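Each remark here refers to the structure printed beneath this line.
Along the sequence shown, residues are numbered consecutively beginning with 1. Because the structure is a prediction, the values reported are computed rather than measured.
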Amino acid sequence: QVQLVESGGGLVQAGGSLRLSCVASGSIFSISIMGWYRQGPGKQRELVAAATSGGTANYEDSVKGRFTISRDNAKNTVVLQMNNLKPEDTAVYYCNVRHRRSVWREWNDYWGQGTQVTVST
């Protein structure tokens, strides 16, 4: 019973910035990984960035140096700061959370419904 609420998508010009937020709520016991995926028009879903609870971050090569992922474990929140946006970043962005409800249970992936990011030329 984990719900994800995404916010921050929108329309920006190339070179602009957006800040995506994802908040997990419900019966939270333990979250290992929080991250963002995206799927552009006619493209496969790809990992954009992910972060562990310990602060380790991983980025897709094309966003390195432009995007920053951060977590607030106390608030069960993950934020993706996107700077110097390019038209190629246009996609639906999905929050992803890996969670388990006890140490005896398996890890499950939860997904947000997606938020549209559009970068105009």
Q. Has Gln13 got more than 12 heavy atoms of other residues, nucleotides or ligands less than 6.0 Å from its CD?
A.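 No, not enclosed.
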Reported OH-to-OH distance for the pair Tyr37 and Tyr94, which is rounded to 0.5 angstrom: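 Here the rounded value is 13.5 Å.
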Next on the checklist: Could you measure the distance from the NE2 atom of His99 to the CD atom of Glu106? Nearest 0.5 Å is fine.
Outcome noted: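 That separation rounds to 11.0 Å.
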| message | A cation-pi test, strictly: NZ or CZ of Arg101 under 6.0 Å from the centre of the six-membered ring of Phe29 and no more than 45 degrees from its axis. Yes or no? | response |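 So Arg101 doesn't make the cation-pi contact.
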- [ ] Report yes or no: does Glu60 contribute a side-chain atom to a donor-acceptor pair with the main-chain N or O of Lys64 at less than 3.5 Å?
- [x]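 A pair under 3.5 Å: no.
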Can you check whether Cys95's main-chain N or O pairs, donor with acceptor, with Glu6's side chain at less than 3.5 Å?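 Looks like yes, one N/O pair under 3.5 Å.
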Please tell me if the side chains of [X] and [Y] come closer than 4.5 Å, counting only heavy atoms from C-beta onward.
X      : Y     : value
Gln116 : Val92 : yes
Gln1   : Gln3  : yes
Arg71  : Ser53 : yes

Practice problem: Hydrophobic side-chain clustering at under 4.5 Å (ILVMFWY, transitive links): who's grouped with Leu85? Put none if nobody. | Solution: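 Result for Leu85 is Val2, Leu4, Val12, Leu18, Leu20, Ile28, Ile31, Met34, Trp36, Val48, Tyr59, Val63, Phe67, Ile69, Val78, Leu80, Met82, Tyr93, Val97, Tyr110, Val117, Val119.
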ask   = How does the hydrophobic cluster around Val23 look, that is, which other residues are in it when side-chain heavy atoms under 4.5 Å mark a link?
value =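 Besides Val23, the hydrophobic cluster comprises nothing; the residue is isolated.
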If you look at every heavy atom in Trp107 and Ser30, which pair is closest and at what distance?
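Closest pair (atom of Trp107, atom of Ser30, distance): CZ3-O, 3.5 Å.
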**Study point:** Summary of salt bridge (charged side-chain N to carboxylate O under 4.0 Å, His left out) pairs that have at least one residue in residues 79-100, sequence neighbours excluded
**Key:**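 Output for this query lists Arg38-Asp89, Arg66-Asp89, Arg98-Asp109.
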Distance-only donor-acceptor check, side chains Ser21 and Arg19, under 3.5 Å: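 A donor-acceptor contact under 3.5 Å links the two side chains.
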Could you walk me through whether Asn83 and Ser17 pass the side-chain hydrogen bond (donor to acceptor under 3.5 Å, both in side chains) check? CA-CA 4 Å; Asn83 298 324; Ser17 298; 2.9 Å; yes
